[in-house]
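Notes for the one structure printed next.
Just so you know, these numbers use all the heavy atoms, side chains as well, and skip hydrogens, waters and symmetry mates. First the proteins, then the strands, lettered A, B, ... as listed; each starts at 1.
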Number of protein chains: 2
Amino acid sequence: MKFNIAFIGFGVVGQSFTRILLKKRDFLRKKYDLDYDVVAISDIVKGSVLDERGLNLSSILKLVERGRSIELYEGGRKGLSSLETIQESNANVIVEVTWTNLRTGEPGLTHVRKALELGKHVITTNKGPIAVAYRELKRLADSRYVFLRFEGTVLSGTPALNLGLEALAGSYVKSIRGIVNGTTNYILTEMEKGRSYAEALREAQRLGYAEADPTMDVEGWDAVGKMVILANVLMDGDLKVDDVERIGITGITSFDLERALKEGCRIKLIAKAWREDDAIKAKVSPEKVPLTDFLAYVDGTLNALTFSTNCIGDITIIGRGAGGVEAAHALLSDLIAVNRHLSFMEGRR
Amino acid sequence: MKFNIAFIGFGVVGQSFTRILLKKRDFLRKKYDLDYDVVAISDIVKGSVLDERGLNLSSILKLVERGRSIELYEGGRKGLSSLETIQESNANVIVEVTWTNLRTGEPGLTHVRKALELGKHVITTNKGPIAVAYRELKRLADSRYVFLRFEGTVLSGTPALNLGLEALAGSYVKSIRGIVNGTTNYILTEMEKGRSYAEALREAQRLGYAEADPTMDVEGWDAVGKMVILANVLMDGDLKVDDVERIGITGITSFDLERALKEGCRIKLIAKAWREDDAIKAKVSPEKVPLTDFLAYVDGTLNALTFSTNCIGDITIIGRGAGGVEAAHALLSDLIAVNRHLSFMEGRR
């Protein structure tokens, strides 16, 4: 199957995905009979270009790597806004990779809604639209018989969501619990080695694990966004970020970690969602995890999620929780999934 | 979508799946628009019955629970062999749950092959046919545009295979390593608590974790079967069970476990597959796992599998590795997956 892809947003994740698409073109053709043209890219900073016959991705990447506008690309239509790109391009797959706002979902929400309304598949790593409006968007996608996939919104490349959605279909998820933020887990692990919070944070920033303003991570917002998505998608919840109790790690000292270790525990930033009186609750806060629990050994940027089910017990997935390249691979697995569904369908016709 | 299901084999897993289908009928209708009739059951010991309008499953289960032949069922056609049932029934889904032979794949192999040739979907927990002839069967299923799904052949209800096949699509699996046999892991865990091998084995047998003849588990054959399936399905291998190096746990003493613990390790029966000189190799043997590795805390009947990929690092899944009810839930997740693919297709037509 051949896809016409448009990128809305072209930051680290979008560029990484482009590189992977280029590198894996032969692999995708051979293994999955999947081919593609990238017909449009629209980024509020880097510019916008549309060519219905397909863009030369290497040329685009060269411009971006040199810090130049993609509107210097030879040929194609320039200057379309993100919404115009979704509406006017011949793309049938929209890759939404703009920035995240967990309260409004914007600008991603408007992009995703418009794309689905027009009967285009959407793959995204943007937590905003999914955390804010999953139910509405899922209904919309179903009504248009298109796919909305967002594996990369939770645990980046580690396929936690599709594990829950597809492999655990048929099981009732009673609760979800885990370590879902790599930055804070890295900081806590480094603090256990004797570093102060400030030192560990600086090191995380140096390695690119933490932003210059680390609030989203260290105050638990990122983890809250992921738990809202998990609870709403896998437990039929209807949570907003402000419904989630939230304590970050900024109050944790090396002394707390040492004392916990003496009690046979490690302190981890634990995110969880559970059922209580027919409602779904969620919470993010530091917790003591006993050293007999394998969760205690999920260190550094590694993340883990345990799904407690009524049928097959606890299922845990462990893997890297962050990274632009990893998130781009989540987009790839989403695209392959769309291709798998559609190809099978074509074949049976 | 409505399915007509035929059971080939009707032992613990088949009966468990029937009970789940009965119990979840409303859930499946509501959540997935999935409905079913079981139109035939053929078991070499319990008898055979076919009714194209659908069998009364409660009546069938009552007969089986009383140890009586299902041919005492009122109505329907009796006495068809398994192959006749596959050929002559109006079933479009064959549930193959007969016994396992890892060398010949029979009788399951003949059943699966015939069903696929006739354009029927197959879901199975039988390791035999998949370990012996995955490539052939996959090609056959693809050529007929039907599904062959076998989640329950590896780690029972824990969705390791579909994690690898679907969620990790797009990643290149470099190696697979883990604890894939619950019986031996339970025995080793009990031995660490001070029991002898013989005592631990007896307890495992009492709890139903080990067979009267425990050879398949304790000598590593079961783990070998699973690694052959994993290597062939997820790494494009072409292994047979006799290609796999195999050492069981019968030579492990409490003294070995104690000494390992003093070295900061636990002994686990580790199964692994890896690439070497363009070939796929696999091995099952007891190994020391350091106490800093979360694998060391995967105890009792819990199992774990780590997929090392070239793109998104190591992905580990941990969950219960055995159990009839769990395996039956794997069949359910396979059926739901078939339904998801086909329903989507119908909708887009």
query: chain B heavy atoms under 4.5 Å from F307(A): which part of the residue, side chain, backbone, both or neither?
result: neither
query: Among I318(A), N185(A), V289(A), which one satisfies side chain to side chain contact (heavy atoms under 4.5 Å, CB included) with I179(A)?
result: N185(A)
field: Side chain / backbone / both / neither for L332(B) at chain A, heavy atoms under 4.5 Å
entry: side chain
message: Please enumerate all residues that pass side-chain contact (heavy atoms from CB on, under 4.5 Å) together with D33(A), with sequence neighbours excluded.
response: none
message: Between K268(B) and E287(B) (salt bridge meaning N to carboxylate O under 4.0 Å), is one present in this structure?
response: no
query: Which residues from residues 290-303 of chain B are near chain A, with near meaning under 4.5 Å between non-hydrogen atoms?
result: L291(B), T292(B), F294(B), Y297(B), V298(B), L302(B)
message: If you count heavy-atom pairs within less than 4.5 Å of chain A, which of C311(B), A328(B), A304(B), S156(B) leads?
response: C311(B)
message: Can you see whether R275(A) engages Y172(A) through a side-chain donor-acceptor pair at a distance of less than 3.5 angstrom?
response: yes
- prompt: Is chain A contacted by the side chain of L165(B), its backbone, both, or neither, given a heavy-atom distance below 4.5 Å?
  reply: backbone
query: Which of the residues A160(B), P159(B), G319(B) is involved in the greatest number of heavy-atom pairs with chain A at under 4.5 angstrom?
result: P159(B)
message: My understanding is that only residues two or more places apart in sequence, or in another chain, count here; which of them pass side-chain contact (heavy atoms from CB on, under 4.5 Å) with A330(A)?
response: E151(A)
- line: Heavy-atom closest pair (V180(B) atom, K226(B) atom, distance to 0.1 Å) is O-NZ, 2.9 Å
- request: May I ask you to list the residues in residues 18-30 of chain B that approach chain A closer than 4.5 angstrom, counting heavy atoms only, ordered by number?
  value: K24(B), F27(B)
- prompt: Tell me, side chain or backbone of L163(A) under 4.5 Å from chain B's heavy atoms, or both, or neither?
  reply: side chain
query: Parallel under 30°, tilted from 30 to 60°, perpendicular over 60°: which one fits the rings of H341(A) and H341(B)?
result: parallel
query: Picking from D314(B), N162(B), L335(B), which has the most non-hydrogen pairs under 4.5 angstrom with chain A?
result: D314(B)
- prompt: Is the backbone N or O of D236(B) less than 3.5 Å from a side-chain atom of R135(B), with the two atoms forming a donor-acceptor pair by type?
  reply: yes
Centroid separation Y36(A) to F3(A) less than 6.0 Å: no
query: Can you say whether I317(A) sits under 4.5 Å from chain B via the side chain, the backbone, both, or neither, judging by heavy atoms?
result: both
- line: Whatever's closer than 4.5 Å to a heavy atom in chain B on L305(A) counts as neither
query: Do E117(A) and R144(A) sit within salt-bridge range, that is, some charged N less than 4.0 Å from a carboxylate O?
result: no
message: Using only atom types and a distance under 3.5 Å, with no angle test, would you say the side chain of K288(A) pairs donor to acceptor with the backbone of C265(A)?
response: no
